Amino acid sequence: MLYLLGALAGGIGIDWLFGDPPNRYHPVAWLGQLIGFFLPRLKGGSEKAKGTIFVISLIIIVALAVHFLVFTSRYLAGLIELVIVSAILFKITIAMRGMERHTQAIINCLEVCDLEATRHNLSMIVRRKTDDLDEQHILSATIECISESTVDGIAGPIFYYSLFGPAGAFAYRAINTLDSMVGYSDDYFKDIGWMSARLDTAANYIPARVTALLMVVSAKILGADWKNSLNILQRDRDKTFSLNAGYPMATMAGALRVRLEKIGHYTLGDNQEPVTVEKCKKAISIMKLTTLLFCIVVSVPVMSVLYLAGWWRFVLGIP
């Protein structure tokens, strides 16, 4: 089990030191291109059936390919190589440093009062239209993205890595990527993306709720308003269209004592204090500490129990 823990720590360390490579070298970006290639070919006929078959097939193929790489490294090279390969594969699925860099780019543009560049940078990390957003709504959207990405880009991959190794983290990332590209409810995507949206909801159910609770603990440790974060979590968690996104976002809103708003969709938290650049920086700190707590409180115990049950010997042949 020490090898898996080493790969977990190594993957987070690689992400922290180097962040994400350019998209042309990033396997998740390649996955997105593959989905984009097949998307028009799923239109017409029984779109829901074709979309379901495509989604399930892609997830299985991705998971098996990653498992083959890990399994091969174990038996053709050795345990040290297994740790290295697993760490690199796991790192590909997480984006903690990337989220911080995107946030800093937004902050830098705001500080020089370049709203056009700020909106462009924000558009790189959110689905909503950013052309007309004012500074308060830009900062709100940034904090919302940090909150949701703590689940999608960090806790989710860690959780499924803890259950199934690198293949589990990659399967989760495939589900999340599919949902971000086709999991919409409009006429074009509603049938093609039906399965993607439901798998993403199911996959995030546990990570979203555990992450929200750990955010409350992080808020307490970092001196944010942890009591308010718990209150807002309980009050506003169901206000978003997503069954999961409201949990981390409402918790963060309460911890920072701010109101987060997606115009025409939802409002989370109370306008106790203005949304500022400093609030964004605090949100990043909460994200980082929540990641550490998730590893300690969730990942290590889960992997330990599975090790004692003989799971890792069965899956990876680890003694």
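These figures come from a predicted structure and were not determined experimentally. FYI, side chains are in, hydrogens and waters are out, and symmetry mates aren't considered; it's all heavy atoms of this structure.
A side-chain donor from one of Q272 and N228 sits under 3.5 Å from a side-chain acceptor of the other. S140 and Q136 share no side-chain donor-acceptor pair at under 3.5 Å. A donor and an acceptor atom, one from each side chain of D134 and H137, are located under 3.5 Å apart.
Using a distance-only test at 3.5 Å, with no hydrogens or angles considered, no donor-acceptor pair links the side chain of S229 to the main chain of A255. Within the 3.5 Å criterion, the main-chain N or O of T201 finds a donor-acceptor partner in the side chain of N244. Formation of a donor-acceptor pair under 3.5 Å by the K262 side chain with backbone atoms of T240 is not found in this model. Within the 3.5 Å criterion, the main-chain N or O of R24 finds a donor-acceptor partner in the side chain of W30.
For A105 against N121, the heavy-atom pair with the smallest separation is O-ND2, 3.6 Å. Minimum interatomic distance between Y247 and A212 (heavy atoms only, all atoms of both residues): O-CB, 3.7 Å. Closest approach of P40 to F37, counting heavy atoms only: CD-O, 3.5 Å. Of all non-hydrogen atoms in P301 and V297, the two that sit nearest each other are CG-O, 3.2 Å.
For H26, the NE2 atom sits in a packed shell: over 12 heavy atoms of surrounding residues, nucleotides or ligands are nearer than 6.0 Å. E116 CD: 12 or fewer foreign heavy atoms inside a 6.0 Å radius. Enclosure of atom OH in Y205 is not indicated, since only 12 or fewer non-hydrogen atoms of other residues, nucleotides or ligands lie within 6.0 angstrom.
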Table please: side-chain donor-acceptor pairs of residues 161-168 below 3.5 Å, with sequence neighbours left out.
| residue | atom | partner | partner atom | Å |
| --- | --- | --- | --- | --- |
| Y161 | OH | L4 | O | 2.7 |
| S162 | OG | I158 | O | 2.7 |
| S162 | OG | S299 | OG | 2.5 |

What donor-acceptor contacts under 3.5 angstrom involve side-chain atoms of residues 146-154, with partners at least two apart or in another chain?
| residue | atom | partner | partner atom | Å |
| --- | --- | --- | --- | --- |
| S147 | OG | I143 | O | 2.7 |
| S149 | OG | C145 | O | 2.8 |
| T150 | OG1 | I146 | O | 2.7 |

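A search for side-chain contact (heavy atoms from CB on, under 4.5 Å) contacts involving S218 returns I286, L289, T290, L293, not counting sequence neighbours. Qualifying salt bridge (charged side-chain N to carboxylate O under 4.0 Å, His left out) partners for D270, counting only residues two or more places apart in sequence or in other chains: R235. For E47, the salt bridge (charged side-chain N to carboxylate O under 4.0 Å, His left out) criterion is met by K43, not counting sequence neighbours. Residues that satisfy the side-chain hydrogen bond (donor to acceptor under 3.5 Å, both in side chains) test with K48, not counting sequence neighbours, are absent from this structure. Under the side-chain hydrogen bond (donor to acceptor under 3.5 Å, both in side chains) criterion, K239 pairs with D236, not counting sequence neighbours. Among residues two or more places apart in sequence or in another chain, the salt bridge (charged side-chain N to carboxylate O under 4.0 Å, His left out) test is passed with R101 by none. Take D200 and apply the side-chain hydrogen bond (donor to acceptor under 3.5 Å, both in side chains) test, not counting sequence neighbours, and it matches N176, N204.
Every pair passing salt bridge (charged side-chain N to carboxylate O under 4.0 Å, His left out) that includes a residue from residues 2-19 is listed here, sequence neighbours excluded: D15-K91. Note on residues 169-185: pairs passing salt bridge (charged side-chain N to carboxylate O under 4.0 Å, His left out), not counting sequence neighbours, are R127-D179. Pairs engaging residues 274-300 under the salt bridge (charged side-chain N to carboxylate O under 4.0 Å, His left out) rule: E100-K288, E273-K279, E278-K281 [sequence neighbours left out].
A side chain to side chain contact (heavy atoms under 4.5 Å, CB included) with T177 is found for exactly one of V28, L34, L58, namely V28.
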